[in-house]
Number of protein chains: 2
Amino acid sequence: MTIPAARRRGRPRERVLDAEAILDTTLTVIRDAGLKGLTMRVLALRLGVSVSALYHHVPSRAGLLANVQERFAEGLDVSGFGNIPLREALARWAWSYLHQLRRQPELVPVIVEVPLAQAPRSSLMYQRVIAGFAVAGWPEESTVASMSVLETFIFGAALDSPSPDDAYEPQGAEHSPLLARSYAAFSQAVEDQEARPRDLVFSMGLEAILTGLHSLWGSGRGWARAGAGMRPDA
Amino acid sequence: MTIPAARRRGRPRERVLDAEAILDTTLTVIRDAGLKGLTMRVLALRLGVSVSALYHHVPSRAGLLANVQERFAEGLDVSGFGNIPLREALARWAWSYLHQLRRQPELVPVIVEVPLAQAPRSSLMYQRVIAGFAVAGWPEESTVASMSVLETFIFGAALDSPSPDDAYEPQGAEHSPLLARSYAAFSQAVEDQEARPRDLVFSMGLEAILTGLHSLWGSGRGWARAGAGMRPDA
DNA sequence: ACCTGAACACCGTTCAAGT
DNA sequence: ACCTGAACACCGTTCAAGT
């Protein structure tokens, strides 16, 4: 890191910034200091400019995060759809989705909260997934909801990523032998599978969802049964 | 709202605050102004005290949020476990969980991020759920992970709550007839079921997960199959 | 012990002044 | 057009001074 050359007051002869460079540095800062650590001052410091210089290339901090979301969607693995069996293509997509969210858990709120309207490139990703369902012969009415179910599960799985692996350890276990035994049994399975707890939970949930969805839409009962889980008191 | 009587400088004759009152007002503020809107200044203003007075009853803003999490766990419906069929008890619990998160979506990060170590009362809730699995005869090694899968899905479902119902509407649909048809078919199902899109997705996911988990652990193959969804390239 | 008021070290955003 | 520096209206937290 060289000491940035002091810049005089007016417009420099060569342009110093562009949106791309700002985005790159944004991701680095988020990785290093988290979303809360992403401040315009820190960003400016890393880029060697003044804070207000950023506003010539990015409308606001929120606009910056929309760019983050766009780049994220392009990083997901949709290569399986149409090329390998759907179940494997979905697993590949889901794991890449989770993996990318886990690599930067601080991005989860960004991905979830940025409206799709501000991220047109993200919908290209969705097209690939839906097309995968269609090619595999799933009824058209089932595909959007099925994808949403998977995405919902993935978001949830990404949420507890910051927590340590022993977050499953109960607090008041000494007061409940059953709870203690259950956690011990789960820990044993984790050991046997040579996996991390959260990975085992994710793979089990993924397997259950894919199996469940298939049974739902293969049974020919469709929404009649898919809606069976409606809230009792709704 | 009466104009608060001006308070003199020293210790008042009667105590003005306590942790319970602060928690009540905290929830009100979060409901009105969101988590970002929860500032110590706003909180103090609503309570009619100075900002620094809060620190006599609460260690920090984070400590305040731990209290929020504790109260949340006590509001979940675990009444079904041990009393009605497990599948229905789980559905009741899951819907109450989701419903409470949806009522205050801003609470999601609080619930997820506050370490269980700081919320001992939350683990009482988990005990009830695990006991429900046990009574229904599920293998001990399956219960913790099964509950986690459900919780993961619930968290994910709560995340997109702030987004409007038409968030499922694609952006570039005009470029993809398939995507347009799929969304239309889903919308039709929503109309037929007289449900909101996100409710339909949740009930479908819940149904799929319960069916899938049952098939997983009823097949006698247990983790061997539950682990089948492991990341291909892991 | 419990409250007030002032202070400290931060934020995101705006804008006149410079080239 | 594009950068700087100062300003504005906010944060959470601390602490001496008061009763």
Side-chain angles (χ1 to χ4, degrees), chain A residues 2-26 29-30 32-68 106 109-110 113-114 118, chain B residues 2-26 29-30 32-68 106 109-110 113-114 118:
Chain A
T2 59
I3 296 169
R7 209 168 282 115
R8 290 216 315 290
R9 207 161 196 247
R11 177 193 190 186
R13 286 176 274 98
E14 305 181 22
R15 77 191 280 114
V16 185
L17 287 178
D18 59 77
E20 201 69 14
I22 293 178
L23 180 52
D24 290 338
T25 306
T26 298
V29 172
I30 292 180
D32 292 351
L35 199 56
K36 238 178 54 186
L38 175 71
T39 72
M40 301 307 265
R41 278 164 180 77
V42 167
L43 196 53
L45 190 69
R46 290 251 201 158
L47 285 160
V49 299
S50 71
V51 177
S52 45
L54 299 170
Y55 288 85
H56 290 283
H57 306 273
V58 163
S60 66
R61 187 173 181 273
L64 196 57
L65 295 181
N67 294 341
V68 170
E106 310 84 5
V110 180
E113 278 169 33
V114 172
Q118 295 182 25
Chain B
T2 60
I3 296 169
R7 207 168 285 117
R8 290 214 317 289
R9 205 159 197 250
R11 177 191 189 186
R13 285 176 275 99
E14 305 180 23
R15 76 191 283 115
V16 185
L17 287 177
D18 59 76
E20 201 70 13
I22 293 178
L23 180 52
D24 290 339
T25 306
T26 298
V29 172
I30 292 179
D32 292 352
L35 198 57
K36 239 178 52 185
L38 175 71
T39 72
M40 302 308 265
R41 278 164 181 77
V42 167
L43 197 53
L45 190 69
R46 290 250 201 160
L47 285 161
V49 299
S50 72
V51 177
S52 45
L54 299 171
Y55 288 83
H56 290 282
H57 305 272
V58 164
S60 65
R61 187 174 181 273
L64 196 57
L65 294 181
N67 294 341
V68 170
E106 310 84 5
V110 180
E113 279 168 34
V114 172
Q118 295 182 25

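Proteins come first, then strands; the chains are lettered A, B, ... in the order of their sequence lines, and each starts at number 1. The basis for the numbers below is simple: all heavy atoms, side chains too, and nothing from hydrogens, waters or symmetry mates.
Interatomic distance, CZ of B:R13 versus CZ of B:R8, reported as 7.0 Å (0.5 Å rounding). B:N67 CG to B:I22 CD1: the interatomic distance, rounded to the nearest 0.5 Å, is 9.0 Å. Distance check, rounded to the nearest 0.5 Å: CG of A:L54 to CG of A:L47 gives 6.5 Å. Atoms CE and CG, from A:M40 and A:L45 in turn, are 13.5 Å apart once rounded to the nearest 0.5 Å.
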- Message: Test side chain to side chain contact (heavy atoms under 4.5 Å, CB included) on B:R46 and B:D32; report intermediate values, then the result.
- Response: CA-CA 12 Å; B:R46 290 250 201 160; B:D32 292 352; 2.8 Å; yes
- Task: Show your working on side chain to side chain contact (heavy atoms under 4.5 Å, CB included) between A:L17 and A:H56 and close with a plain yes or no.
- Result: CA-CA 9 Å; A:L17 287 178; A:H56 290 283; over 6 Å; no
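Under the rule for a side chain to side chain contact (heavy atoms under 4.5 Å, CB included), the partners of B:R41 that lie at least two apart in sequence or sit in another chain are B:T39, B:V51. Applying the side chain to side chain contact (heavy atoms under 4.5 Å, CB included) criterion to A:S50, with sequence neighbours excluded, gives A:S52, A:A53. A search for side chain to side chain contact (heavy atoms under 4.5 Å, CB included) contacts involving A:L35 returns A:I30, A:R61, A:L65, A:E106, A:P109, A:V110, not counting sequence neighbours.
Contact of the B:V42 side chain with the B:L38 side chain is not registered, since no non-hydrogen atoms from C-beta on lie closer than 4.5 Å. Within the 4.5 Å cutoff, no side-chain heavy atoms of A:L23 are placed close to those of A:L64.
The residue among B:T39 and B:G10 whose nearest nucleotide of DNA chain D is located toward the 5' end is B:T39. For the pair A:R41 and B:M40, nearest-nucleotide mapping onto DNA chain D gives the more 5' position to A:R41. Where A:V42 and B:R8 meet DNA chain C, the nucleotide closest to each residue was compared, and B:R8 sits on the side nearer the 5' end.
Annotation: proximity of residues 49-56 of chain B to DNA chain D (heavy atom, distance under 4.0 Å) is found for B:V51, B:S52, B:Y55, numbered in ascending order.
Taking the 5' to 3' direction, DNA chain C first and last meets chain B under 4.0 angstrom from a heavy atom at C:dA1 to C:dG5.
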- Message: Both atom distances under 3.5 Å, Watson-Crick or G-U wobble: I'd like the secondary structure of DNA chain D as a dot-bracket string, with | for pairs made across strands.
- Response: ||.|||||...|||||.||
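Nucleic acid contact for B:L38: sugar-phosphate only, since backbone atoms but no base atoms lie under 4.0 Å from a heavy atom of the residue. Within 4.0 Å (heavy atoms only), B:R9 reaches at least one base atom of the nucleic acid.
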